[in-house]
Novice: 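Let me begin by handing over the structure; questions about it come next.
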Amino acid sequence: MIKSINDKNADFFENVFAVVKLIPKGRVSSYGAIAKYLGSAQSSRMVGWAMNASHKMDGIPAHRVVNRQGLLTGKMHFGSPTLMEEKLKLEGIEVVNDQISNFKTLYWDPSIELNID
DNA sequence: GTCTTGACGTTTA
DNA sequence: CTAAACGCCAAGA
């Protein structure tokens, strides 16, 4: 469980990394969902920016994070434009034309799955 | 120190 | 219905 979320002392990036790490295998989440979960519903851009910083970090499954449409918009930042898609496929996620087919089914919303009290 | 860009999402025209 | 602008915060030039 993420305890630092309520703590304003925690950095936005850390919160993003924490949530992304919590994404179950074979599931995907959206920048907006994470941003909203962190309290910055309209700051989805920052989530993407945080992901960019995750490049130098390990254990950040950024490939499980896509945009609201389920499109692999950030695939180009994985070193290879196909690396993200391949990784998702390895987890059993069906990707067609850089888009997740069963995105609606694989969608993982932190504010719902984590069940906040 | 100021301006532009950015892995998005929502709202208005 | 589609198209465009706005908002949000941060970092690079």
Side-chain angles (χ1 to χ4, degrees):
Chain A
M1 196 51 171
I2 305 165
K3 52 185 155 77
S4 314
I5 290 223
N6 238 5
D7 193 338
K8 51 176 27 173
N9 292 342
D11 292 324
F12 187 83
F13 280 36
E14 274 191 43
N15 293 325
V16 176
F17 297 145
V19 176
V20 174
K21 285 188 209 168
L22 292 176
I23 300 176
K25 183 184 168 219
R27 288 282 161 76
V28 289
S29 187
S30 65
Y31 306 96
I34 297 172
K36 187 173 185 175
Y37 180 68
L38 297 178
S40 302
Q42 324 231 234
S43 302
S44 29
R45 294 174 138 178
M46 301 294 80
V47 180
W49 200 253
M51 299 272 85
N52 198 354
S54 77
H55 267 283
K56 47 169 115 176
M57 311 183 70
D58 295 13
I60 313 293
H63 60 274
R64 292 182 188 154
V65 185
V66 295
N67 69 343
R68 196 54 173 160
Q69 309 169 55
L71 287 170
L72 283 57
T73 52
K75 65 171 188 170
M76 55 171 90
H77 292 275
F78 281 80
S80 275
T82 49
L83 183 61
M84 186 178 187
E85 181 179 326
E86 290 298 306
K87 282 193 171 195
L88 291 172
K89 284 182 179 177
L90 288 174
E91 300 197 346
I93 299 175
E94 200 174 343
V95 180
V96 178
N97 192 11
D98 301 330
Q99 182 178 358
I100 300 174
S101 303
N102 40 7
F103 173 68
K104 193 179 77 162
T105 308
L106 301 174
Y107 186 49
W108 183 84
D109 193 330
S111 43
I112 293 176
E113 302 297 328
L114 295 182
N115 228 327
I116 307 173
D117 269 320

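The basis for the numbers below is simple: all heavy atoms, side chains too, and nothing from hydrogens, waters or symmetry mates. Naming: A, B, ... by sequence-line order, numbering from 1 per chain. Nothing here was measured: the structure is a model prediction, and the numbers come from that model.
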Novice: Take the protein atom CE of A:M57 and the nucleotide atom P of B:dA7, then report the distance between them rounded to whole Å.
Specialist: 20 Å
Novice: Using a 4.0 Å heavy-atom cut-off, does A:H63 contact any base of the nucleic acid, only the sugar-phosphate backbone, or nothing at all?
Specialist: nothing
Novice: Does A:A35 reach a base, just sugar-phosphate, or nothing at all? Heavy atoms under 4.0 Å.
Specialist: nothing
Novice: Please check this pair: side chain of A:H77 against backbone of A:H55, looking for a donor-acceptor N/O pair closer than 3.5 Å.
Specialist: no
Novice: Which nucleotide sits closest to the side chain of A:H77: B:dA7, B:dC8, C:dA11?
Specialist: B:dA7
Novice: What's the gap between B:dT4 and C:dC6 when it is taken at their P atoms, as a whole Å value?
Specialist: 14 Å
Novice: Write down the distance separating the C1' atoms in C:dA3 and B:dA7, rounded off to the nearest Å.
Specialist: 23 Å
Novice: Round to a whole Å and report the spacing from CE of A:M76 to C1' of B:dC8.
Specialist: 13 Å
Novice: Please report, rounded to the nearest Å, how far the C1' atom of C:dC8 is from the CZ atom of A:F12.
Specialist: 9 Å
Novice: If you measure from CG on A:D98 to OG1 on A:T73, what distance do you get to the nearest 0.5 Å?
Specialist: 10.0 Å
Novice: Can you tell me if A:R64 uses its side chain to pair, donor with acceptor, with the backbone of A:I23 under 3.5 Å?
Specialist: yes
Novice: Tell me the interatomic distance from A:D109, atom CG, to B:dG9, atom C1', rounded to whole angstroms.
Specialist: 14 Å
Novice: Specify the residue among A:M46 and A:A33 whose closest nucleotide of DNA chain B lies further upstream toward the 5′ end.
Specialist: A:M46
Novice: Without decimals, in angstroms, what is the distance between A:Y107 OH and B:dC8 C1'?
Specialist: 12 Å
Novice: With heavy atoms under 4.0 Å as the rule, sort A:N52 into base, sugar-phosphate or nothing.
Specialist: base
Novice: Looking only at side-chain atoms of A:Q42, point me to the closest of B:dG6, B:dG9, C:dC8.
Specialist: C:dC8
Novice: Looking at every strand, decide which applies to A:T73 at a 4.0 Å heavy-atom threshold: base, sugar-phosphate, or nothing.
Specialist: sugar-phosphate
Novice: To the nearest 0.5 Å, what is the distance between CD1 on A:I60 and NZ on A:K21?
Specialist: 4.5 Å
Novice: Take the protein atom CZ of A:F103 and the nucleotide atom P of B:dC8, then report the distance between them rounded to whole Å.
Specialist: 13 Å
Novice: How many Å lie between CZ on A:F13 and P on C:dC8, as a whole number?
Specialist: 17 Å
Novice: Just the rounded figure in Å: distance from P of B:dA7 to CD1 of A:I34.
Specialist: 16 Å
Novice: Hey, are A:K89 and A:E85 close enough for a salt bridge, meaning a charged N less than 4.0 Å from a carboxylate O?
Specialist: yes
Novice: Please classify the nucleic acid contact of A:R45 as base, sugar-phosphate, or nothing, using heavy-atom distances under 4.0 Å.
Specialist: base
